[in-house]
Amino acid sequence: MKDTVRKSPRTRVLLELRPAFDGFAGIPQETRLLFRGLRMLESCEVAGLLQMSGRILAKGVREQGLLPESLWLSESQKINRYSRIATSAAERPYLTFFEALMEALERRLNSAALTLQTLLCLNSVKLSSFRTTHFEDFIWRTLFAKSLPASDFELVTRAKQLICSTPWQSMHMAGLRTLTFGRTAKYPRLQTPGTDIFITQTPYPARVSRGTSMVVRYHDAVPVFMPHTIGDVSLHQASHFHALAANVKAGARFACVSGATRNDLLRLFPAAESQAVVIHNMVSHHYFGENSSPELVPGIIRTRLLEPDPDKGVDVRPKFLTLREQESFYTRNLQKKPLRYLLSVATIEPRKNHARLLAAWEVIKAETDPDLKLVVVGSLGWNYLKTVQGFRPWIDRGELFMLSAVPAPDLRVLYRHAAATVCPSVGEGFDFSGVESMRSGGVVIASGIAAHREVYADGAAYFDPYSTVDLVAALKKVLYADDAARVQQVLRHRGDEVSARYLPAQVLPQWDVFLSSVVAKRSTAILQPVGATARLQTETADAAEET
């Protein structure tokens, strides 16, 4: 009799998608790219966790417990539940008088109840299901369209989604309130039955169910080592540190985006050395070398100018009395050929060091190249007013342009035709912009911080982020020296080679091996049998815990 070969079950992965609700670049982009990438792995069955930072999402359908709602709700009732989820991502769904009364009571009691449940180690945060059939457009537009091409539509919208109605910030606050009763914070328990690995995008304010391993995608330790550069400083710093400490203590694994980030983690918690690995970010497949026309650039700049923000009281566009005056202004300042410009792609906040770039660009304009423009792509973050005030005189003169919400195809053109992409940040975990520029055939000049030197290697020219003189020297060497053409050719060649390291084909196998090791380590630790029997035992334990 021949032995029967038993196929190993797929690893059940739950990936936090909360950051994907926000922004184009940085962690939101990494979240979308990672979800897409893991969905391509044959070894994994990947679902998303939908949760918002401060908004309560409507509940989905309960598929666990003694009397699952999925057994007795009609199809129309289920669809209504799912529709309310989509509604609640933008505004509060319509409520009857009774529902409104119950929600008001729940909101009033929720904070105190969550803290009490946390202190008592109760299973306090339950998940519900969101079957995305008929709601693919909501999933695509809300979560993925900012970073992925249309060819990925089915790959990401067909995935099952779980709903955490409790806001992420509420879970953080529940943990911080427990510091009243002890020196270390305790966090709510997130019920994750049926999940082998839960991947979070930052230190996560929860514990997970037995049988689930937590993996923290660790981007940087900026809230701890550079708290003066972040928004909502006190709360942000405390939330990051205490959740991180709890994750380390609970034995979470850390997939750090760079060696520099891993080093910062180990400075904080040396005991986490065996729990932390380095897996670099993946660059989006939107970025590649193409022979686009430089004549596209003026139109992109005009179309993607930063919109006025009434909530922040900021309008960085020049003021015009007539449409003819406006058209004359942009024609005069954008149609000069060739249009030469420096490009920077980063949120407007102190850590990104726009003030240093502005100062160096002003020197170059005064001493070397008066026609050189500056194009800044990025949304308004925090503590941006001083930076915007520095930009304002140049914006009014048509020398500096602030853009936002630039889709990848347009950004690829801007990278390709910039004199150089400058990455001036004083602190980063990875920094997508330099890699994207390299993939697009651009030239990169970057601050010499540890993360940049690791990620960009010899594909960029470097400068001291605290020295305007040093940045001016780097710009002159790369753009204006006698051998500048050769220097640029070398940087483009090396940039193409370096950036290829971050293509999905190179990074996804690392995730495959890492996730397999996480599952293997947990299986060994709890001495459970392999195969179907093990899966049955885990599901039985999960069901008991859920009940």
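These figures come from a predicted structure and were not determined experimentally.
- Asp196 places none of its side-chain heavy atoms less than 4.5 Å from the side chain of Arg10.
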Residues 506-516, side-chain donor-acceptor partners within the protein, below 3.5 Å, at least two apart:
unit_1: Gln510; atom_1: NE2; unit_2: Gln506; atom_2: O; d: 3.1
unit_1: Asp512; atom_1: OD1; unit_2: Ser43; atom_2: OG; d: 2.5
unit_1: Ser516; atom_1: OG; unit_2: Asp512; atom_2: O; d: 2.9

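- Shown here for Leu143 and Arg32, the closest heavy-atom pair between the two residues is O-NE, 2.7 Å.
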Extract all donor-acceptor atom pairs below 3.5 Å that involve side chains of residues 393-415 and protein atoms in other chains or at least two apart in sequence.
unit_1: Trp394; atom_1: NE1; unit_2: Glu362; atom_2: OE2; d: 2.7
unit_1: Asp396; atom_1: OD1; unit_2: Arg392; atom_2: NE; d: 3.4
unit_1: Asp396; atom_1: OD1; unit_2: Arg392; atom_2: NH2; d: 2.9
unit_1: Glu399; atom_1: OE1; unit_2: Lys365; atom_2: NZ; d: 2.7
unit_1: Glu399; atom_1: OE2; unit_2: Lys373; atom_2: NZ; d: 3.4
unit_1: Asp410; atom_1: OD2; unit_2: Arg304; atom_2: NE; d: 3.1
unit_1: Asp410; atom_1: OD2; unit_2: Arg304; atom_2: NH2; d: 3.3
unit_1: Arg412; atom_1: NE; unit_2: Glu290; atom_2: OE2; d: 2.8
unit_1: Arg412; atom_1: NH1; unit_2: His286; atom_2: O; d: 2.6
unit_1: Arg412; atom_1: NH2; unit_2: Glu290; atom_2: OE2; d: 3.3
unit_1: Tyr415; atom_1: OH; unit_2: Glu436; atom_2: OE1; d: 2.7

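- For Lys146, there are no salt bridge (charged side-chain N to carboxylate O under 4.0 Å, His left out) partners two or more places apart in sequence or in a different chain.
- Annotation: side chain of Leu372 is in contact with side chain of Tyr480 (closest heavy-atom distance under 4.5 Å).
- When atom types are taken as modelled, the side chain of Thr195 and the backbone of Ile197 share no donor-acceptor pair closer than 3.5 angstrom.
- Looking at every heavy atom in both residues, Pro465 comes nearest to Val426 through CB-CG1, 4.0 Å.
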Start with the C-alpha gap between His280 and Tyr456, add the side-chain angles, then the distance that decides, and say whether ring pair (Phe, Tyr, Trp, His ring centres under 6.0 Å) holds. CA-CA 12 Å; His280 291 114; Tyr456 301 162; over 10 Å; no
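- The local environment of NZ in Lys319 is crowded, with over 12 non-hydrogen atoms from other residues, nucleotides or ligands closer than 6.0 Å.
- The side-chain tip of Arg453 points at the ring of Tyr462 from less than 6.0 angstrom away and within 45° of straight on.
- In plain terms, the two heavy atoms of Gln51 and Tyr204 that are nearest each other are OE1-OH, 2.7 Å.
- Every ring pair (Phe, Tyr, Trp, His ring centres under 6.0 Å) that Phe135 has, sequence neighbours left out, goes to Phe130.
- Between the side chains of Asn383 and Arg351, not a single donor N or O lies within less than 3.5 Å of an accepting N or O.
- Judged as a side-chain hydrogen bond (donor to acceptor under 3.5 Å, both in side chains), and not counting sequence neighbours, Thr142 has no contacts.
- Looking at Asn281 and Arg217, their side chains come closer than 4.5 Å, going by heavy atoms from C-beta outward.
- Asp464 pairs by the salt bridge (charged side-chain N to carboxylate O under 4.0 Å, His left out) definition with nothing, not counting sequence neighbours.
- A side-chain donor-acceptor contact under 3.5 Å links Glu454 to the backbone of Gly259.
- Looking at Asp220 and Asp264, their side chains never come closer than 4.5 Å, going by heavy atoms from C-beta outward.
- Using a 4.0 Å cut-off between charged side-chain N and carboxylate O, Lys352 and Glu428 make a salt bridge.
- Proximity of a side-chain donor or acceptor of Ser440 to a complementary backbone N or O of Arg416 within less than 3.5 Å is not detected.
- Counting only distance, with no hydrogens or angles, the side chain of His417 and the backbone of Ser292 share a donor-acceptor pair below 3.5 Å.
- Taking the side chain as every heavy atom from C-beta outward, Phe241 and Leu268 approach each other to under 4.5 Å.
- For the pair Glu325 and Leu321, the tightest heavy-atom approach, listed with the atom from each and the gap, is OE1-N, 2.9 Å.
- Counting only heavy atoms from C-beta outward, the side chains of Met52 and Gln169 never approach each other to under 4.5 Å.
- Remark: Phe225 pairs with no residue by the ring pair (Phe, Tyr, Trp, His ring centres under 6.0 Å) rule, at least two apart or across chains.
- Every residue two or more places apart in sequence or in another chain that forms a side chain to side chain contact (heavy atoms under 4.5 Å, CB included) with Ser344 is listed here: His354, Leu357, Pro424.
- Under a 3.5 Å cut-off, the side chain of Arg36 and the backbone N or O of Leu155 do not form any donor-acceptor pair.
- Legend: residues meeting ring pair (Phe, Tyr, Trp, His ring centres under 6.0 Å) with Phe463, ordered by chain and number and at least two apart, are absent.
- For the residue pair Thr468 / Arg356, a side-chain donor-acceptor distance below 3.5 Å is found, with atom types taken as modelled.
- Looking only at distances, no side-chain donor or acceptor of Arg439 sits under 3.5 Å from a matching main-chain atom of Gly289.
- Every residue was checked against the ring pair (Phe, Tyr, Trp, His ring centres under 6.0 Å) condition with His242, not counting sequence neighbours, and none meets it.
- Heavy-atom minimum distance, Ala457 versus Val498: CB-CG2, 4.1 Å.
- Residues satisfying the side-chain hydrogen bond (donor to acceptor under 3.5 Å, both in side chains) criterion with Glu327, sequence neighbours excluded, are Arg302.
- Contact record, Ala221 with His240: CA-NE2, 4.2 Å, taken as the closest heavy-atom pair.
- Side-chain atoms of Phe432 and Glu30, non-hydrogen and from C-beta on, do get closer than 4.5 Å to each other.
- Put simply, the side chain of His452 gets close to the backbone of Ser447: a donor and an acceptor are under 3.5 Å apart.
- Taking the side chain as every heavy atom from C-beta outward, Thr387 and Glu349 never approach each other to under 4.5 Å.
- In this structure His172 satisfies the side-chain hydrogen bond (donor to acceptor under 3.5 Å, both in side chains) test with no other residue, sequence neighbours excluded.
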